[in-house]
Amino acid sequence: MAITKKQSTDLSGVPTKSKISRGGLAKQVFEYAPAPESIDHVKIQPRYGLFIGGRMVEPHSKKRFPTINPATESKLAEVVDADEVDVDHAVKAADKAFDSWARLSPSRRARYLFRISRLLQERSRELAVVETMDGGKPIKESRDVDIPLSAAHFFYYAGWADKLEWAFPNRKPRPLGVAGQVIPWNFPLLMLAWKIAPALAAGNTVVLKPAETTPLSAMVFAEICMQAELPPGVVNIVTGAGKTGSLVVSHPDVKKVAFTGSTEVGKSIQRAIAGSGKRLTLELGGKAANIVFDDAPLDQAVEGIVNGIYFNQGHVCCAGSRLLVQESIAEPLLEKLKRRLSTLRLGDPLDKNTDIGAINSRAQLEKIQGLVESGIEEGAELYQPECVLPARGFWFPPSLFTNVSQSYRIAREEIFGPVLSVLTFRTPNEAVEKANNTPYGLSAGVWTDKGSRILWMAERMRAGVVWANTFNRFDPSSPFGGYKESGFGREGGVHGLLPYLELN
Amino acid sequence: MDVRKTYKLFVNGEFVRSESGRAYRPDGKVNVPRGSRKDLRDAVRAARTAFPGWAGRTAMNRGQILYRAAEMLDGRAAQFVELLGSGARARRELDQAVETLVWYAGWTDKLSQVTGTVNPVAGPYFNFTIPEPTGVVAIIAPEEAPLAGLVRRLAPALCGGNVVVALAAESAPLAALTLAEVLATSDIPAGVVNIISGQRKELLGWLASHMDVNAIDVAGCTPDEVKAIEESAAGNVKRVIKVTSKEQSPYLIAAFMEMKTIWHPIGV
C-alpha cells in the first residue's frame with residue numbers, strides 16, 4: 001500500500017469559531033518552508049496478523065479494523081481485532097515460554113534485552129516515522145523523545161536482568177509468570193518499552209495489547225523481537241480495542257496485570273480482577289498543577305508551561321494542565337505565554353518544524369471539544385492564537401482558559417488535549433491547597449528561584465513526580481507513577497522492577 | 001469489689017462510645033461498643049486531619065514515639081497477658097507485640113536510606129526518589145493474635161508516617177481497645193491511630209468504599225472478604241495490601257508508601 005502524505009505546512013482557511021478570542025500579539029513575520037521527513041524508507045504492510053509464539057500468525061478472529069493517520073484520515077493498514085481464542089493462544093504461548101525464560105541464565109536474558117535496545121536504535125528513524133504517521137505526534141518528538149527513550153529503557157533494564165539480587169537486599173527475587181499489559185496511544189512505543197523491558201528483565205513473559213488507534217509501532221517491535229531471535233512466546237502482541245484488553249487482563253493464566261490509560265478504565269480493571277490474586281499496577285490519569293511563583297524566571301517558566309501542556313498535543317497523563325500562577329505576576333506571565341503560543345506551529349506532524357501535531361483520533365478530538373465548550377459555558381475565558389487548522393485530519397489549536405474556578409470541569413477533569421486552565425494564588429499555602437485539590441496525583445511543577453521553597457513545595461505535593469524549574473522530563477532510571485487515583489506502582493528505576501517480582 | 005471499665009472506641013485521641021449506642025458481647029460477658037458507619041467516618045476524618053502533622057514529624061521523632069509506645073505496652077504487660085488469656089502463649093504474644101514496636105521504631109529514620117534512590121538520569125538534572133506515606137490506611141486486624149496481629153500491621157504503617165483506622169478483631173476486641181490506652185499515653189498525636197470495634201460484616205464495606213481512605217490492609221480477611229474489598233477499593237484506586245507473612249521487614253513498610261521522584265536542573 002502506498003503511503004500518501006498530502007499534508008503541507010501551508011494551512012488553508014478554516015473559519016474561526018465564534019466565542020473565542022483570537023490573539024494577534026506577535027504575528028509571525030516570516031514563513032517556514034516545508035521540511036517534511038522522508039517516508040520512502042518505511043514499509044507499512046497493508047494488513048497485520050498477531051505476534052504469537054515468536055511469529056506473525058493468522059488470527060482466529062475474522063474481524064479487522066483500519067488504523068489511520070490522524071493528520072490525513074487516510075488508512076495506513078488493517079489490524080486484527082483479536083478475540084478470546086486469539087488472546088488465549090497468546091497467553092498459552094507466553095505461559096509455555098515462561099519456564100525456560102525464567103530459568104535462562106540471567107546474563108543471557110540481559111543480552112536479548114541489549115539486543116532489542118540496539119535494534120530499536122538501528123531502526124529509530126523508521127520507528128519515529130511510523131509513530132508519527134499512526135499517532136499524529138510531531139516527528140521531532142517521536143524522533144527526539146519517544147524512540148531514544150524507548151531504546152534507553154531497554155538498555156537500562158537489560159543491565160538489571162542479571163543483577164536482581166542486588167536490587168532487593170535479603171530477598172530472592174522471582175518472576176511472577178505471564179504479564180498481561182495494556183498500553184495507551186499517546187506514547188505507543190515508549191509505553192511498550194516501559195511495560196516489556198522490566199517484565200522481561202525480571203524473567204516474566206508478556207502478552208501486550210497496544211492501543212486501538214496506534215498499533216503499528218508495536219508491529220514493528222514484533223519484527224524486532226524476531227530479528228533479535230528472542231525465544232518464541234516471550235513477547236506476544238495482540239491488537240484490538242477495549243474488549244481485547246479486558247480479555248488479556250482477565251485471562252486466568254495471567255499472573256500480573258499492568259495498565260496505563262484512563263482512570264475510568266483502570267478502576268474497571270481493578271474491579272474486574274478483584275479476588276483473582278493477580279498482581280496489579282496502574283498508571284492512570286492526571287491533572288497536574290504547574291505552579292509559578294513571583295520570583296521565577298518568567299521566560300524559562302513560559303517555556304516550561306508550553307512544554308508542560310502543549311507537548312504531544314497535551315496527550316500526556318502527567319501534563320501540566322492547571323497553571324497556578326502567583327497573582328502579582330499573572331498579567332506579565334500571561335502576556336508572555338500568549339505571545340509564545342502565537343509562535344507555535346501546528347500542522348503536518350511529519351514536518352520537522354511542527355510543534356503541534358494532530359489530535360490522535362476523532363473521538364479524542366470530540367472529547368476535547370466537549371470539555372472546551374463546557375469551559376466556555378461555565379464562564380471561563382478562552383484564548384487561542386491565530387491558527388489555521390488543516391482541512392483534513394483531527395486538529396485542535398493550542399488553547400488557554402483564564403477566569404477559571406476550581407469547580408469548573410476544565411479544572412477538574414483530564415482533558416488530554418492542548419488546553420491549559422489558568423488559576424491564580426497569593427500565598428504558598430494557597431498554592432499547595434489548590435494543587436492538591438484533585439483526586440489525581442501524578443505530577444506537579446514548581447517554578448521559583450528560592451531553593452528552600454522548592455523543597456518545601458516538593459514535600460507538600462501529593463504527586464509521584466515533581467518537576468522543579470523544569471517539566472515533562474523522563475528517564476529510564478527515574479521512577480514514574482502516581483498517588484491517589486493516578487494509580488499505583490512505579491515504572492522506571494529500580495522501583496520499576498518490583499511490580500514484576502515476587503520477593504521471597 | 002472491682003471498679004469495672006467501660007470499653008470504648010478510640011477516635012481522634014478520645015475514648016468515645018459508638019454514636020449508634022449499640023454494644024455486643026463477644027465473650028458473653030463484657031459489653032463492647034458495636035461501631036457504626038458513622039463511627040468509621042468520624043475516624044477517617046480524624047485521621048485525615050492528623051495526617052499532615054504526623055507525616056511531617058521528623059523521622060527521628062516518629063521513632064521516639066513508637067519506642068515510647070513499646071515502653072507503655074511493656075509497662076502494662078501483666079494486664080495484656082491476662083486479656084490474652086494468660087499462660088505462655090499470651091506472654092509470647094505480648095512480647096512479640098513489644099518487639100514489633102521496638103523494631104519498627106528503629107526503622108523510621110532508615111527507610112528512605114534503604115528504599116530511596118538518587119537516579120543517574122541522562123541529562124543535567126539532579127533527580128532523587130524518596131518514600132512518602134500513602135495517607136489514611138485502614139487495617140482489618142486478624143482474628144488470631146488480636147494484639148500482636150494488629151501491632152504487626154499498625155507499626156509499619158505508622159513508621160512510614162501513615163495514619164490509621166483499625167478495625168479490632170471482632171471475636172477478641174479487648175486487647176485492641178486496651179492498646180488504644182497505650183497509644184494514648186505514647187505521645188502519638190490525636191487522630192493518628194483510631195480503633196473501632198464492631199462487626200466486620202457490617203463495617204468492611206464502608207471502609208473499603210470510603211473515598212478518603214488511601215489504602216486498606218486485609219491481613220485479617222477471608223478470601224471472599226478480600227474479593228469484595230478489592231471490588232469496592234477500585235472506587236478511588238485504593239491500594240489493597242495483602243501480607244500474610246508474620247515476619248517484620250522494611251518491605252512491609254514500603255507497602256504503605258508512595259515513591260516520589262523530584263527533578264531539578266543543574267546549571268549556573
Side-chain angles (χ1 to χ4, degrees), chain A residues 148-149 152 168-171 263 266-277 280 282 284 300 439 441 443 446 451 454-455 458-471 473-490 492-495 498 503-504, chain B residues 51-52 55-56 114-135 208 211-212 214-215 223-242 245 247 249-252 254-255 257-267:
Chain A
L149 276 179
F168 302 100
N170 259 326
R171 286 293 184 277
T263 291
K267 287 178 179 178
S268 74
I269 290 175
Q270 193 177 4
R271 229 169 260 129
I273 66 167
S276 67
L280 176 65
L282 298 171
L284 309 177
Q300 282 176 41
S443 65
V446 181
I454 289 170
L455 296 174
E459 215 170 64
R460 278 157 186 77
M461 292 297 100
R462 300 290 293 157
V465 184
V466 178
W467 287 292
N469 291 328
T470 184
F471 209 94
R473 301 285 156 205
F474 308 95
D475 191 273
S477 71
S478 175
F480 182 93
Y483 283 36
K484 303 195 279 184
E485 292 190 23
S486 288
F488 44 73
R490 293 292 176 267
V494 62
H495 302 89
L498 189 58
L503 297 185
N504 287 317
Chain B
F51 177 55
V114 172
T115 64
T117 51
V118 174
N119 309 308
V121 296
Y125 297 92
F126 181 59
N127 174 300
F128 63 104
T129 300
I130 46 167
E132 283 196 346
T134 198
M211 293 298 278
D212 209 23
N214 300 102
D224 282 349
E225 286 171 342
V226 171
K227 182 170 194 288
I229 286 171
E230 287 188 314
E231 275 167 9
S232 302
N236 68 333
V237 196
K238 271 184 202 72
R239 289 84 176 113
V240 179
I241 296 155
K242 292 177 271 192
S245 123
E247 62 161 3
S249 138
Y251 297 109
L252 303 188
M257 306 302 278
E258 304 289 335
M259 287 294 162
K260 177 187 275 180
T261 298
I262 300 166
W263 293 69
H264 196 277
I266 297 170

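A, B, ... follow the sequence lines: proteins, then strands. Residue 1 opens every chain.
- Under the 4.5 Å side-chain criterion, counting only non-hydrogen atoms from C-beta, B:E258 is not in contact with B:P133.
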Practice problem: Tell me, with the steps shown, if B:Y125 and A:R473 meet side-chain hydrogen bond (donor to acceptor under 3.5 Å, both in side chains). | Solution: CA-CA 9 Å; B:Y125 297 92; A:R473 301 285 156 205; 3.0 Å; yes
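- Atom CG of A:N170 and atom OH of B:Y251 lie 6.5 Å apart (nearest 0.5 Å).
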Practice problem: Report the C-alpha distance between B:V237 and A:Q270 in whole Å, list the side-chain angles of each, state the deciding distance to 0.1 Å, and finish with yes or no for side chain to side chain contact (heavy atoms under 4.5 Å, CB included). | Solution: CA-CA 8 Å; B:V237 196; A:Q270 193 177 4; 4.0 Å; yes
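- In this structure, no portion of A:A272 lies under 4.5 Å from any heavy atom of chain B.
- Of the two parts of B:T134, only the backbone, made up of N, CA, C and O, holds a non-hydrogen atom closer than 4.5 Å to a non-hydrogen atom of chain A.
- By number of non-hydrogen pairs under 4.5 angstrom with chain A, the leading residue of B:A228, B:G123, B:A233 is B:A233.
- For chain B, the nearby part of A:F474 is the backbone; its heavy atoms alone come within less than 4.5 Å.
- Remark: B:K238 pairs with B:N236 by the side-chain hydrogen bond (donor to acceptor under 3.5 Å, both in side chains) rule, at least two apart or across chains.
- Proximity to chain B (any heavy atom under 4.5 Å) is shown, for A:P439, by neither the backbone nor the side chain.
- Residue B:P131: no heavy atom, backbone or side chain, is found under 4.5 Å from chain A.
- For a residue to count as touching a neighbouring chain, one of its non-hydrogen atoms must lie under 4.5 Å from one of that chain's; by this rule A:V446 does not touch chain B.
- Looking at A:L284, only its side chain comes within 4.5 Å of chain B, counting heavy atoms on both sides.
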Practice problem: Take A:K267 and A:E485, measure what salt bridge (charged side-chain N to carboxylate O under 4.0 Å, His left out) needs, and give me the verdict at the end. | Solution: CA-CA 9 Å; A:K267 287 178 179 178; A:E485 292 190 23; 2.9 Å; yes
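- With contacts defined as side-chain heavy-atom distances shorter than 4.5 Å, the pair B:T117/A:H495 qualifies.
- Between chain A and the residues B:V240, B:V226, B:N127, B:D224, the largest count of heavy-atom pairs under 4.5 Å involves B:N127.
- B:I229 contributes atom CD1, which lies 10.5 Å from atom NZ of B:K242 (distance to the nearest 0.5 angstrom).
- Of all the heavy atoms in B:N214 and B:G135, the pair that sits closest is OD1-CA, 3.5 Å.
- Contact count against chain B (heavy-atom pairs under 4.5 Å) is highest for A:A458 among A:A458, A:S443, A:G489.
- Residue A:L280: no heavy atom, backbone or side chain, is found under 4.5 Å from chain B.
- A pairwise comparison of heavy atoms in A:D475 and B:W263 identifies CB-CH2, 3.8 Å as the closest pair.
- The greatest number of non-hydrogen atom pairs below 4.5 Å with chain A, out of B:I262, B:T115, B:V121, is found for B:V121.
- Highest contact tally toward chain B, considering only A:W467, A:F471, A:Y483, is held by A:Y483 [criterion: heavy-atom pairs under 4.5 Å].
- The candidate with the highest count of non-hydrogen atom pairs below 4.5 Å against chain B, out of A:P476, A:G492, A:S486, A:A463, is A:A463.
- Within the 4.5 Å cutoff, no side-chain heavy atoms of A:V494 are placed close to those of B:N119.
- Every residue meeting the side-chain hydrogen bond (donor to acceptor under 3.5 Å, both in side chains) condition with A:N469, not counting sequence neighbours, appears here in chain and number order: B:H264.
- Contact annotation for B:P120: both backbone and side-chain heavy atoms come within less than 4.5 Å of a heavy atom of chain A.
- Ranked by non-hydrogen atom pairs under 4.5 Å with chain A, the options B:E231, B:M211, B:M259, B:E247 are led by B:M259.
- Looking only at heavy-atom pairs under 4.5 Å with chain A, the residue among B:R239, B:K227, B:E230 that has the most is B:R239.
- Residue contact with chain B, scored on non-hydrogen atoms closer than 4.5 Å, involves the side chain of A:I454 exclusively.
- For a residue to count as touching a neighbouring chain, one of its non-hydrogen atoms must lie under 4.5 Å from one of that chain's; by this rule B:A215 does not touch chain A.
- Contact of A:P169 with chain B is made through backbone and side chain together, with heavy-atom distances under 4.5 Å.
- Most heavy-atom pairs under 4.5 Å with chain B: of the set A:S268, A:G493, A:G266, A:G487, this distinction falls to A:G487.
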